[in-house]
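One structure below.
Convention: sequence-line order gives letters A, B, ...; per-chain numbering from 1. All values derive from a computational prediction rather than experimental measurement.
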2 protein chains.
Amino acid sequence: MSSPRRVGSQTSRTRDQLLDCAEQLMIEKGYAHVTYRAVAARAGVTAGLVQYYFPKLDDLFIAEIRRRSEQNLDRLVALLDAHADEPLRVLWEYSRDEATAALTTEFIALGNHRPSIRAEIADVTDKVRRVQLEALAARYGTTGISLGALPPAALLFLLTGIPKLIRLEEGVGVSTTHGEAVRAFESFLDSVEPASRPKAKKPTKRAPAAKRSR
Amino acid sequence: MSSPRRVGSQTSRTRDQLLDCAEQLMIEKGYAHVTYRAVAARAGVTAGLVQYYFPKLDDLFIAEIRRRSEQNLDRLVALLDAHADEPLRVLWEYSRDEATAALTTEFIALGNHRPSIRAEIADVTDKVRRVQLEALAARYGTTGISLGALPPAALLFLLTGIPKLIRLEEGVGVSTTHGEAVRAFESFLDSVEPASRPKAKKPTKRAPAAKRSR
DNA sequence: GTCTATACGGCGATAGAC
DNA sequence: GTCTATCGCCGTATAGAC
């Protein structure tokens with residue numbers, strides 16, 4: 001047996017710092033600018049070392065996705081727990097939170113033609129959706145109850161999808177009709193879950209808004 | 001004055017063929033695989049010639065976007081004209097047509113951090129949306145009439161956005177809740193615009209479904 | 001106006017030295 | 001555990017042939 005390629009340990013502090021740098025680069029300049037050399041330069045190490053921890057560039061991206069999505073899932077579960085009486089509002093606000101939206105878009109684009117990354121995204125997307133559906137079912141049951149005759153799955157799709165769409169369009173510089181769409185949906189929310197608390201509270205300090213390379 | 005770089009004419013037949021090859025490559029393997037050398041190989045010419053017509057790679061992508069979106073806009077206008085009594089159904093079916101969806105996703109990802117391409121996408125997106133809004137206003141007026149109390153802009157956003165979302169998720173291999181969402185929305189459509197003709201007719205033969213590089 | 005040949009530096013990836 | 005050398009691709013630029 002020829003020994004396979006050597007790889008740095010997953011618990012290395014260096015490894016975690018490299019992931020931080022990669023994430024920053026990705027937010028600021030897009031995944032195309034996340035290169036071994038660029039990450040290394042930002043972290044103050046050699047490119048070879050980055051490759052030691054992430055033999056393929058995809059390994060880096062996958063590690064990034066996994067780390068991020070675990071944080072996000074934890075946060076979502078905590079929010080749904082804390083406001084179990086108004087899951088719709090929680091999901092809506094959670095989806096509108098822009099902190100991780102820029103990264104998500106980046107990852108989707110990245111996964112579009114890269115099987116290993118696509119699989120990772122599909123995995124976390126499904127996991128999140130299951131949690132969301134459970135929260136809806138716990139509060140409103142599994143049938144299409146009030147909710148404008150919408151079955152829970154369809155409602156969930158709107159609730160989390162519309163903010164995603166808006167971000168996507170904002171990303172290319174389009175904003176037509178966004179305001180109307182948001183207002184319409186929020187007034188529907190108001191009718192189903194009369195606002196007790198206006199916003200899902202922020203769990204922690206987030207990174208400043210991503211600067212785009214315009 | 002040093003003469004600027006020379007560029008091939010916009011009416012060249014060769015140029016059009018190069019665009020065809022680039023589009024095929026993009027659908028089959030993603031924009032990352034659209035390279036001067038790859039396009040040239042498919043077209044049976046040298047890489048230098050591709051560069052002669054498209055000095056920067058972005059020039060190629062922009063030309064591709066422009067050509068495609070003009071075709072699509074023409075098609076949309078024709079459909080709306082032919083079925084002026086049921087614009088909702090036309091927009092829904094048009095948005096669900098997958099022929100150009102793979103390309104659209106690709107372009108959005110591409111434009112995410114490339115200003116010139118982003119500008120091009122924003123331009124055509126706005127243009128299309130204006131046409132769509134006009135069609136809605138012509139049939140239903142500009143106020144939020146019936147339509148589930150949704151203002152036209154919000155309705156339009158759902159109508160064209162949901163199919164886009166579904167494609168996006170399909171692209172990464174997620175399909176949970178898609179069926180329910182489509183069914184729910186179509187039954188709403190049925191209630192507003194009782195189906196006379198079930199589908200927006202196809203304008204012409206389309207390319208076979210894109211093979212994904214799984 | 002069309003097209004070819006050639007060169008440059010940056011990239012992902014690999015094998016292997018320290 | 002860390003880093004270097006090397007390979008074959010890439011975008012881009014330029015000079016010049018038909």
Side-chain angles (χ1 to χ4, degrees), chain A residues 1-19 21-22 25-26 29-64 109-117 213, chain B residues 1-22 25-26 28-64 106 109-111 113-117 213:
Chain A
M1 313 271 179
S2 69
S3 64
R5 183 91 157 275
R6 287 185 298 166
V7 177
S9 87
Q10 271 205 273
T11 59
S12 157
R13 231 179 70 77
T14 305
R15 197 188 114 111
D16 225 57
Q17 288 170 336
L18 294 180
L19 281 178
C21 293
L25 260 178
M26 196 154 183
K29 311 217 260 175
Y31 71 83
H33 288 76
V34 178
T35 67
Y36 285 126
R37 287 159 175 88
V39 172
R42 181 169 292 226
V45 301
T46 63
L49 183 60
V50 183
Q51 255 176 318
Y52 165 63
Y53 284 104
F54 309 99
K56 306 285 188 71
L57 213 47
D58 281 9
D59 298 330
L60 199 172
F61 289 130
I62 289 174
E64 217 185 308
L110 189 53
N112 222 330
H113 290 275
R114 296 166 86 143
S116 61
I117 291 176
S213 56
Chain B
M1 316 276 171
S2 69
S3 64
R5 183 91 157 273
R6 286 186 299 168
V7 177
S9 85
Q10 272 206 272
T11 58
S12 157
R13 228 179 69 81
T14 304
R15 197 187 115 113
D16 226 56
Q17 288 169 336
L18 294 180
L19 281 178
D20 289 339
C21 292
L25 261 177
M26 197 154 184
E28 289 170 16
K29 311 219 257 173
Y31 70 83
H33 288 76
V34 177
T35 68
Y36 285 126
R37 289 160 175 88
V39 172
R42 180 169 293 226
V45 300
T46 63
L49 182 60
V50 183
Q51 242 178 319
Y52 165 65
Y53 285 102
F54 309 100
K56 305 286 186 69
L57 212 47
D58 280 10
D59 298 329
L60 199 172
F61 289 131
I62 289 175
E64 215 184 311
E106 220 51 48
L110 189 53
H113 289 275
R114 296 166 87 144
S116 61
I117 291 176
S213 55

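The residue B:V34 sits close only to the backbone: its heavy atoms come under 4.0 Å of sugar-phosphate atoms, none of a base. Residue B:T14 is in sugar-phosphate contact alone, with no base atom involved, counting any heavy-atom pair closer than 4.0 Å across all strands shown. Nucleic acid contact class of B:F54 (heavy atoms, under 4.0 Å, all strands): none.
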Please determine whether side chain to side chain contact (heavy atoms under 4.5 Å, CB included) holds for the pair B:L110 and B:M26, giving the CA-CA distance in whole Å, both sets of side-chain angles, and the decisive distance to 0.1 Å.
CA-CA 11 Å; B:L110 189 53; B:M26 197 154 184; 3.9 Å; yes
Apply side chain to side chain contact (heavy atoms under 4.5 Å, CB included) to residues A:H113 and B:E106 and explain how you reach the verdict.
CA-CA 10 Å; A:H113 290 275; B:E106 220 51 48; 2.8 Å; yes
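When the side-chain contact (heavy atoms from CB on, under 4.5 Å) test is applied to B:A22, the partners found at least two apart in sequence or on another chain are B:V34, B:V39, B:L60, B:E64. Taking the salt bridge (charged side-chain N to carboxylate O under 4.0 Å, His left out) definition, one finds that B:D59 meets it with nothing, sequence neighbours left out. Applying the salt bridge (charged side-chain N to carboxylate O under 4.0 Å, His left out) criterion to B:R37, with sequence neighbours excluded, gives no partner residue.
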Contacts under 3.5 Å, N or O only, protein and nucleotides 4-9 of chain C:
{"from": "C:dT4", "atom 1": "OP2", "to": "B:T46", "atom 2": "OG1", "distance (Å)": "2.5"}

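When every heavy atom of A:A109 is checked against every heavy atom of B:A109, the shortest pair comes out as CB-CB, 3.2 Å. Looking at every heavy atom in both residues, B:P55 comes nearest to B:V7 through CG-CG2, 3.6 Å. When all heavy atoms of B:H33 and B:L25 are compared, the closest pair comes out as O-CD1, 4.1 Å.
Interface limits on DNA chain D: the 5'-most and 3'-most nucleotides within less than 4.0 Å of chain A heavy atoms are D:dG1 to D:dT4.
Checking side-chain atoms of B:Y53 against main-chain N and O of B:D16 turns up no donor-acceptor pair under 3.5 Å. Looking at B:Y36, its side chain does come within 3.5 Å of a backbone N or O of B:L57 through a donor-acceptor pair.
When the local axes at the two ends of the helix from C:dG1-D:dC18 to C:dC18-D:dG1 are compared, using 5 base pairs at each end, they differ in direction by 0° after rounding to 10°.
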